[in-house]
Amino acid sequence: MSNIRHALTVKRADDFAAWYQEVISAADMAEESGVRGCMVIKPWGWGIWERIQHLLDGRIKDTGHENCYFPLFIPLSNFEREAEHVDGFAKEMAVVTHHRLIGDGAGKLVPDPEAKLEEPLIVRPTSETIFGDAMARWVQSWRDLPLKLNQWANVVRWEMRTRMFLRTSEFLWQEGHTAHDGEAEAKEHTLRMLEVYRACAEEDLAMPVIAGEKPENERFPGAVETWSIEAMMQDGKALQAGTSHYLGTNFSEAAGIKFQNQDGDQALCHTTSWGVSTRMIGGVIMTHGDDDGLRVPPTIAPWQVVILPMLRGKDDDADAQLVAYCEELHEALKGQSACGERLRVTLDTKHGKASAKRWDWVRKGAPIIIEVGGRDMENGVVSLLRRDALWADNGKPDFHSPAKADAAQAIPAMLEEIQSNLFAQAKDQRDANITRGIETLDQLGEFYSAEAQYPGWVEVQWSKPTGAALEQVVEQLKALKLTIRNVPIGAAAADGSCIFTGEPAVERIYVARAY
RNA sequence: CGGGACGUAGCGCAGUCCGGUAGCGCACUACACUGGGGGUGUAGGGGUCGUAGGUUCGAAUCCUAUCGUCCCGACCA
């Protein structure tokens, strides 16, 4: 295998962080913008985001939500209403204080002191407070409930340390906000949306996740319960890929989201909020990427099939025939469906050597690449590469040569197979890197200091301490650079003692290093 | 936000210590050869050396400030 000449210069095993950076640039997904923590998302990266948006938007609408849009700017006084929320976000806020620039006499522009805003505006880091404000107006009667809204938006959190897609100062997401009559219904909805995220991650992104409740110390500021889906990256670290919060009546009290119930009494709504972001794309890279670049699951691939005619650029007549041959294939494929949608197929007739273009598409991770040369055309076949199985045993790209008509027939099923293959590979990798049976903190420390390159996650049992006792646990884990990821839904009942306190355990949790 | 490293052509880098015409590889352009798997040759194009000040006859090089990137912490999705 070592004789393979891979398409990237950095290998995952050598420097995972540098590899991640290289995938993003080699696949032409995004680049730095010159503004700290902000990135330019290029067409291939944006195309993947559009696919995620499209599929998740459908799932959100299928669960009875309507889309809307709230302003980017939130009045400071509005944001101040929920105390815990303020504590959580105040440190990372972008603030607008002026509405005009003025020349400073030296050829530069400065904010005009005369144009200072009476009340500063914050750039939304999330929109619970401004949604709450509207909900208070929109909800009067039990008949107005449940109110189920969603918006696709950008948000800004002034991060100390940024990483493309995983943590950027500005990021894109959807944020759902709902108001309900009663705790039970709101809690049920919180879990329902968590399940939507699980399905989106596993079925659309082919990214296996573990859904569960976050411990008290990891809760969203202002939430009563926070739930997450956690994915394991190929370096064994955990990525929180989506969160769903039961907010109780905290935001209802702050904003006055009240309604008259069927008994004629005033009652507070119970609210939820939930979001997934462009961070998902980072998860896709670190779940499916390999030493040749990105591998995009067919469901979210902007192009699932790329047809590359090997044009000579000399003999116009031969080239034209080749293009015509490829166009027939293109047409035959476009009419078909896979994973419940029309195939997305592109015919890449741009100038340039076919071999160079092939490696570009390999790095971008197009699921199926079909090269067609003059000899293919003579023989009525095509040369097909599967991105999920790129290399043959001889260390060369593993080209298949089906007849053109057969290829056209076989591709929908092949795409579905690639989708499930990517999921299976990721799930096997994850399951192989979850360790159980560690019963003491010392054992845990030994496990994580044992020089294993990618130690993965450990499932431990604990007594679910709270308050100061929990803080102590968090500190103990921090010394090992570990965090509690979540308490998985549907785990086996605890049957041992707490790894931290020695008391009888009440549940199982995952601990891991995390992004 | 603290500690460290870095910023020179699209990408990767040398040159900086010791100031004196802006370099290399890949990529790109043209032409030729080649033609089923990341080809070869020849000839070219492209940079106010992150930005702004300062020192100097002269600054990529020395000094100051600033912006950005990466790594390690603290913080957080």
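Values below: every heavy atom of this structure, side chains too, minus hydrogens, waters and symmetry copies. Chain letters run A, B, ... following the sequence lines, proteins first, then strands; residues in each count from 1.
The distance from atom CG of A/Leu384 to atom P of B/rG36 is 20 Å, rounded to the nearest whole Å. When rounded to the nearest whole Å, the span between NE2 of A/His351 and P of B/rA27 equals 20 Å. With rounding to whole Å, A/Leu322 atom CG is found 18 Å from B/rG35 atom P. Rounded to whole Å, atom C1' of B/rC71 lies 17 Å from atom CG of A/Asp14. Between the CZ atom of A/Arg363 and the P atom of B/rA27 there is a distance of 11 Å, given to the nearest Å. Taking atom CD on A/Glu371 and atom P on B/rG35, their separation rounds to 18 Å, with Å as the unit. Going from atom CG of A/Asp28 over to atom P of B/rG10 covers 15 Å, rounded to whole Å. Residue A/Lys350 contributes atom NZ, which lies 13 Å from atom P of B/rC28 at whole-angstrom precision.
For A/Ser355, the side-chain atoms get nearest to B/rG39 when compared with the rest of B/rC70, B/rG39, B/rG68.
The P atoms of B/rA5 and B/rG58 are separated by 31 Å, rounded to the nearest whole Å. For the P atoms, the distance from B/rG46 to B/rG35 is 34 Å, rounded to whole Å. Rounded to a whole angstrom, the distance from the C1' atom of B/rC13 to that of B/rG53 is 29 Å. Using P as the reference atom, B/rA59 and B/rA22 are 11 Å apart when rounded to the nearest Å. For the C1' atoms, the distance linking B/rG10 with B/rG47 amounts to 12 Å, nearest Å. B/rA32 and B/rG68 have their C1' atoms separated by 44 Å, given to the nearest Å. Going from the P atom of B/rU42 to that of B/rG25 covers 11 Å, rounded to whole Å. For the C1' atom pair drawn from B/rC24 and B/rA14, the interatomic distance equals 7 Å after rounding to whole Å.
Among the atoms of the strands shown, only primed sugar atoms or phosphate atoms (P, OP1, OP2) are found under 4.0 Å from some heavy atom of A/Gly34. If you check every strand for non-hydrogen atoms under 4.0 Å, A/Gly37 touches sugar and phosphate atoms only. Among the heavy atoms of the strands lying under 4.0 Å from A/Ser383 is at least one base atom, whether or not backbone atoms are also near. Within the 4.0 angstrom heavy-atom criterion, base atoms lie near A/Gly374.
Positionally, the nearest nucleotide of RNA chain B for A/Asp376 lies more toward the 5' end than for the other of A/Asp376 and A/Val35. Where A/Pro397 and A/Ala17 meet RNA chain B, the nucleotide closest to each residue was compared, and A/Pro397 sits on the side nearer the 5' end.
Relative ring orientation between A/Phe171 and A/Trp173 is described as perpendicular, the plane-to-plane angle rising above 60° on a 0-90° scale split at 30° and 60°.
For A/Lys404, the NZ atom is densely surrounded, since the number of other residues' heavy atoms within 6.0 Å is greater than 12.
Side-chain atoms of A/Lys353 and base atoms of B/rG39 include a donor and an acceptor less than 3.5 Å apart.
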Give the B/S/- string for nucleotides 72-77 of chain B, one per nucleotide from 5' to 3', where a protein heavy atom under 4.0 Å of the base yields B, of only the sugar-phosphate yields S, and otherwise -.
-> BBBSBB
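Annotation: A/Trp391 is in aromatic contact with A/His6 [ring centroid separation under 6.0 Å]. The ring of A/His177 has its center no closer than 6.0 angstrom to the ring center of A/His65. When ring centroids are compared, A/His85 and A/Phe251 come within the 6.0 Å threshold. For A/Phe89 and A/Phe220, the distance between ring centers is under 6.0 angstrom.
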Report, one line per pair, each donor and acceptor closer than 3.5 Å where one atom sits in a side chain of residues 345-352 of chain A; sequence neighbours left out.
from, atom 1, to, atom 2, distance (Å)
A/Asp348, OD1, A/Lys350, N, 3.1
A/Asp348, OD1, A/Lys357, NZ, 3.4
A/Asp348, OD2, A/Trp361, NE1, 2.9

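Under the Watson-Crick or G-U wobble criterion, with both distances below 3.5 Å, B/rU55 is left unpaired in every strand shown. Pair assignment for B/rA60: none, as no Watson-Crick or G-U wobble contacts are both less than 3.5 Å. Pairing of B/rA14, defined by two Watson-Crick or G-U wobble distances under 3.5 Å, is not identified with any nucleotide. Across every strand in view, B/rU42 sits in a pair with B/rA30 that passes the Watson-Crick or G-U test at under 3.5 angstrom. The partner of B/rA9, taking Watson-Crick or G-U wobble pairs whose two distances both stay under 3.5 Å, does not exist in any strand shown.
Between A/Arg375 and B/rG36 there is a side-chain N or O to OP1 or OP2 distance below 4.0 Å. Phosphate proximity of B/rG12 to A/Thr9: absent, as no side-chain N or O sits under 4.0 Å from OP1 or OP2.
A 4.5 Å side-chain heavy-atom check between A/Trp158 and A/Val95 finds every atom pair outside the cut-off.
Cation-pi contact between A/Lys481 and A/Tyr448: absent, since separation from the ring centre below 6.0 Å together with deviation from the ring axis within 45° is not met.
The side chain to side chain donor-acceptor pair (under 3.5 Å) test applied to A/Asn150 returns A/Asn67, A/Gln174, not counting sequence neighbours.
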